[in-house]
Amino acid sequence: MNRSKSEALFEKAKNYFPGGVNSPVRAFRSVGGTPLFIKKGKGAYLEDADGNSFIDYCCSWGPLILGHANNDVVDAVKTAVENGSSFGAPTELENDLADLILSNNAYIEKIRFVSSGTEAVMSAIRLARGVTGRSKILKFEGCYHGHVDSLLVKAGSGLVTFGNTSSAGVPEAFVNETIVVSLNNQAAVEDAFRQFAGEIACIIIEPIPANNGLLLQDKSFLEFLRDIATQNGALLIFDEVISGFRVKFDGAAGYYNIRPDIITYGKIIGGGLPVGAYGASKEIMSNISPEGNVYQAGTLSGNPVAMSAGIAQLQNCLRPGFYEALEAMTNRLVSGIRKHAEEKNYAVKLWSVGSIYWIAFTQRERIATAEEIDAASMQIFRKMYHELLERGIYLGPSGYEVGFVSAAHTEADIDRTIQAFCEALDIALA
Ligand SMILES: *Cc1c(COP(=O)(O)O)cnc(C)c1O
């Protein structure tokens, strides 16, 4: 496979951007080699600068649930942009997207649009602090919530600790407001509430943690979080930037039927354009400016082009059978690979929920916490990754990343992918 154009473009990009990229994981550091520079995408397929074609399971890290350049989304964007791309004044399209969401989601009553998942989470945390008048937040090791200062914190050594920052430039004072505990561990959360009674503004969790492997939680753990937050006057935030509109239209809240106090969205909500959102009850949302005293604003928030893309995408998601079809396609992929792995007795496991899947090189029957992931096994992923690329299959370039199936993937695409996985596994595990 010729990748000379991507290689040349990457060399050039290194002169312009730190590490040659505008978001770190794109640099291929974890799998090695040169990132593909993408020329275009259509449906389930990507084409790189050298003209190579790939079936894509990264899907821009989740937003593209309809695949690339979906006709409805493209048409909506064209129409919108011809009428002007931003006004900094309200438009009917904001009402339309909000109505589409709120009338199909029983877990929130009001919403505010922002321009990224990070912004949504940052705003939700401020809202929780504003409502409770408390400053500490509790997060889980293995959940990613964007590059918000107070959330770039990883677990320290003890059971309940303040974390250590996972980025330079995050002040110690911020780290001291963030408590980090293990996923799926009720005792650790109870401990945190004992130790910091009356100080915790919110618990934030990805209810379907999908940024560090797919760490599926017990439903009872999520219910426990709901209860302990309520008992302690803290708010529960579900960060559904991945799971929202992905596992169901009403996300993980709907999937588990658990009502958090605030939900954040991103990725799918914008149809491939930059949109994030946070929503809650009318009462909680009434604290947001200009109704309340928690300030939050955005020059390009709710701009008509992004709103139109979101509307076109979410209308497709609301079609009867949409999520069932996606899940069936994902099950086909996962069971095809699993069958081969079992026949060959490979220490390979696959997990999935809706159209999210994850492959791990492990003997464990279950991985529910970050600590259970074997870092050394990522060497095998790395080998498999490049074998898959050679066979025209594109995944997110890290073994910690989940894969996404889109509505554009056909049975033929899935079957070709299974074949490629079987061959790649045979080589990577030889
Ligand atoms: C992607 C992601 C974010 C950050 O969203 P950006 O749009 O990249 O800022 C936050 N939380 C979760 C769960 C995510 O998956």
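Numbering of ligands and ligand atoms starts at 1, following listing order.
There is no side-chain donor-acceptor pair under 3.5 Å between Arg126 and Gln296.
The protein heavy-atom contact nearest to atom 5 (O) of ligand 1 is Gly117 CA, 3.2 Å.
Atoms of ligand 1 found under 4.0 Å from any heavy atom of Ser116, numbered from 1 in the order shown, are 7 (O), 9 (O). When each atom of ligand 1 is checked for a heavy atom of His145 under 4.0 Å away, the hits are 10 (C), 11 (N). Taking every heavy atom of Ile242 and a limit of under 4.0 angstrom, the matching atoms of ligand 1 come to 15 (O). Ligand 1 places these atoms under 4.0 Å from at least one heavy atom of Tyr144: 11 (N), 12 (C), 13 (C).
Distances from atom 14 (C) of ligand 1 to the heavy atoms of Lys267, Met122, His147, Glu119 put Lys267 nearest. Looking at Thr118, Asp239, Ile208, it is Asp239 that brings a heavy atom closest to atom 13 (C) of ligand 1.
Between Glu11 and Lys14, at least one side-chain nitrogen of the basic residue sits less than 4.0 Å from a carboxylate oxygen of the acidic one, meeting the salt-bridge criterion.
The proximity of Glu206 to ligand 1, defined as any non-hydrogen pair under 4.0 Å, is limited to the side chain. The proximity of Asn211 to ligand 1, defined as any non-hydrogen pair under 4.0 Å, is limited to the side chain.
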**Request:** Output, in order, the C-alpha distance, side-chain angles, deciding distance and verdict of side-chain hydrogen bond (donor to acceptor under 3.5 Å, both in side chains) for Asp218 and Asn184.
**Result:** CA-CA 7 Å; Asp218 294 330; Asn184 225 35; 3.2 Å; yes
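The backbone N or O of Ala210 lies less than 3.5 Å from a partner atom in the side chain of Glu206, making a donor-acceptor pair. Side chain of Lys349 to backbone of Ala360: no donor-acceptor contact under 3.5 angstrom is found.
Ring planes of Tyr385 and Phe381: tilted class, angle from 30 to 60°.
With sequence neighbours excluded, the residues that form a salt bridge (Lys or Arg N to Asp or Glu O under 4.0 Å) with Glu291 are Lys110.
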